[in-house]
Amino acid sequence: MDMNRQRRAPIYEALEKFRKLHVVPFDVPGHKRGRGNPELVEFLGQRCVGIDVNSMKPLDNLCHPVSIIKEAQELAADAFGAANSFLMVGGTTSAVQAMVLTACKAGDKIILPRNVHKSAINALVLCGATPVYIDPKVDKEIGIPLGMELADLKAAMDANPDAKAVLVNNPSYYGICSDLKSIVKMAHDHNMLALVDEAHGTHFSFSDTLPVSAMEAGADMASISMHKSGGSLTQSSFLLLGPNMNPGYVSQIINLTQTTSASYLLMASLDLSRRNIALRGKQSFEKVAEMAQYARDEINEIGGYYAYGKELINGNTVYDFDVTKLAVVTNRIGLTGIEVYDLLRDEYDIQMEFGDISNILAYISIGDSIQDIERLVGALADIRRLYSKSEKPLFTGDYISPTVATTPQKAFYAQKEAVPIMECAGRICAESVMCYPPGIPILAPGEVITKEIIDYIKYAQEKGCSMQGPESSDISYLNVLKEGSY
């Protein structure tokens with residue numbers, strides 16, 4: 001990484017220069033630097049709306065960058081050790097979908113773990129590729145899916161030698177890392193692309209004390225949620241390419257779905273955040289890791305909770321662990337993760353990243369402080385004292401191995417009918433059902449609905465999980481394929 005060059009922030013610099021020119025705007029957006037919408041100015045401030053501008057020659061164009069955006073993308077590639085990078089203003093969802101759409105067309109196979117983010121399965125709906133799912137092993141003690149087991153991956157490759165790519169989410173939301181270097185090597189040995197959903201691993205490229213990053217492991221493509229641990233504005237991300245990918249073709253794929261009116265607020269935030277972590281990331285992320293470890297130690301001192309870390313590493317399904325993540329098992333105090341999540345928010349004004357059936361997750365970042373950690377620890381101690389019940393057995397129904405009856409695309413667009421959810425066992429689902437976050441489908445289009453899956457959905461609803469995906473807003477019914485239509 002060229003540290004002298006990394007001090008540049010070309011999009012930010014161009015916007016600052018543009019701001020001082022006081023150009024008369026006869027272009028969009030129609031708020032005209034805020035003059036047409038004073039309430040927006042009052043809400044966001046003049047500095048913000050003043051740079052909410054349209055693409056123009058001095059400010060380049062994200063669809064075909066030739067100047068400042070091109071330079072910003074080159075700087076991002078340099079910072080992350082990639083051959084090429086793209087600024088993504090549709091979030092990491094659009095980056096994941098660009099990876100899948102680049103690798104696959106209708107009828108192609110792609111190998112991926114079943115606990116992928118909904119963006120990957122939605123990409124299969126768009127392109128018509130066939131998923132070859134690898135079911136993740138589950139840690140029954142803490143109720144979370146683990147990493148990709150190499151033996152399972154080899155079996156999937158041997159059974160599907162014509163697959164075009166392997167997609168792996170690394171790290172998981174909970175911090176679990178797979179053996180990325182071995183996965184990439186296996187993919188390449190089988191003439192498959194190695195794609196990495198690195199949404200939760202932005203920081204891996206900036207410290208030797210953290211797990212290996214996708215680009216370091218030799219991946220062909222990686223999607224980076226810069227707005228998660230990297231500090232940029234929500235909805236801004238990077239797509240990184242390895243040296244064997246054709247950036248011109250990938251650009252065409254991105255432009256199939258990405259907006260032609262890219263937000264300069266998002267792009268400037270990517271530019272500034274990339275500069276920030278390139279120059280200061282090592283010390284920042286190592287401080288984050290120290291804060292998270294302090295939190296783990298303090299929470300485990302409370303008793304009843306279990307904040308897990310590197311002790312989970314087993315060299316296979318937990319090849320490494322992202323120590324910046326703070327995930328805490330709650331069932332040992334008789335409460336689900338979502339119940340503790342709700343108590344923290346409603347009674348203590350503490351907003352967690354999410355609560356699931358057995359865990360809560362705090363996203364520790366460069367914007368947190370030890371004082372914030374201590375407030376969280378105190379609240380968890382309070383909750384144990386005031387609200388704990390007898391220990392509950394873990395309910396891990398969201399990782400029930402699915403039976404895939406047809407492709408996500410065929411199921412999504414097939415003739416369907418709405419059936420009360422309690423009558424859906426044995427039918428083929430035509431939509432997705434998930435708790436969000438983390439956005440991992442419990443059911444995906446084309447999968448057989450079982451009684452166990454229905455029980456899990458109802459249980460998650462009753463406990464207060466935010467359920468998304470189905471056409472039915474209260475998930476009282478599901479869209480299933482009509483009999484005889486497939």
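We use all heavy atoms of the structure for the numbers below, so side chains are in, but hydrogens, waters and symmetry mates are not.
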Return the [atom1] to [atom2] distance between [X] and [Y], rounded to the nearest 0.5 Å.
| X | Y | atom1 | atom2 | answer |
| --- | --- | --- | --- | --- |
| I277 | H203 | CD1 | NE2 | 10.0 Å |
| I383 | D342 | CD1 | CG | 10.0 Å |
| M352 | L361 | CE | CG | 7.0 Å |
| L376 | I350 | CG | CD1 | 5.5 Å |
| H227 | S273 | NE2 | OG | 11.0 Å |
| E298 | L380 | CD | CG | 11.5 Å |

Can we say [X] and [Y] salt-bridge, meaning some charged N sits less than 4.0 Å from an Asp/Glu carboxylate O?
| X | Y | result |
| --- | --- | --- |
| D322 | K325 | yes |
| K458 | E462 | no |
| D108 | K105 | yes |
| E417 | R427 | yes |
| D271 | R275 | no |

Do K416's NZ or CZ and the ring of F412 fall within the cation-pi criteria of under 6.0 Å and 45°? yes
Stacked cation flag K118 on Y436, 6.0 angstrom / 45 deg: yes
Going by distance alone, is a donor N or O of one side chain under 3.5 Å from an acceptor N or O of the other, for [X] and [Y]?
| X | Y | value |
| --- | --- | --- |
| Y348 | D382 | yes |
| Y341 | Q351 | yes |
| E339 | Y387 | no |
| H200 | N169 | no |
| Y477 | E423 | no |

Between [X] and [Y], what is the shortest heavy-atom contact and its length?
| X | Y | result |
| --- | --- | --- |
| G304 | R332 | O-CB, 3.0 Å |
| A425 | K451 | CB-N, 4.1 Å |
| M215 | L240 | CG-CD1, 3.9 Å |

Counting N and O atoms only, with roles assigned by atom type, does the side chain of [X] sit under 3.5 Å from a partner on the main chain of [Y], one being a donor and the other an acceptor?
| X | Y | value |
| --- | --- | --- |
| E149 | T317 | no |
| R114 | P136 | no |
| N331 | G334 | no |
| Q461 | D474 | yes |
| E431 | N479 | yes |
| S472 | S476 | yes |
| R296 | V323 | yes |
| N300 | A307 | yes |
| S358 | I142 | yes |
| D139 | G143 | no |

Quick one: do D197 and V116 satisfy side-chain contact (heavy atoms from CB on, under 4.5 Å)? Show the steps, please. CA-CA 9 Å; D197 179 352; V116 289; over 6 Å; no
Using a 6.0 Å cut-off, check whether atom NZ of K228 has over 12 heavy atoms from anything other than its own residue. yes
Counting only heavy atoms from other residues, nucleotides and ligands, does the tally under 6.0 Å from CD of E374 exceed 12? yes
Is the shortest side-chain heavy-atom distance between [X] and [Y] below 4.5 Å?
| X | Y | value |
| --- | --- | --- |
| M148 | I183 | yes |
| K109 | D162 | yes |
| S178 | Y319 | no |
| I360 | T330 | yes |
| D368 | V288 | no |
| M99 | L167 | yes |

Evaluate the criterion side-chain contact (heavy atoms from CB on, under 4.5 Å) for residue pair M221 and T102; output intermediate values, then yes/no. CA-CA 10 Å; M221 303 179 78; T102 296; 4.0 Å; yes
Step by step, would you call K137 with D152 a salt bridge (Lys or Arg N to Asp or Glu O under 4.0 Å)? CA-CA 10 Å; K137 302 294 189 293; D152 291 343; 2.6 Å; yes
If you take the centroid of each ring, where Trp contributes its six-membered ring, are F80 and F206 closer together than 6.0 Å? yes
Please evaluate residues Y363 and F354 with respect to the criterion ring-ring contact (aromatic ring centres under 6.0 Å, His included), reporting the C-alpha separation (whole Å), side-chain torsions for both, the decisive distance (0.1 Å), and the verdict. CA-CA 9 Å; Y363 220 100; F354 73 81; 9.5 Å; no
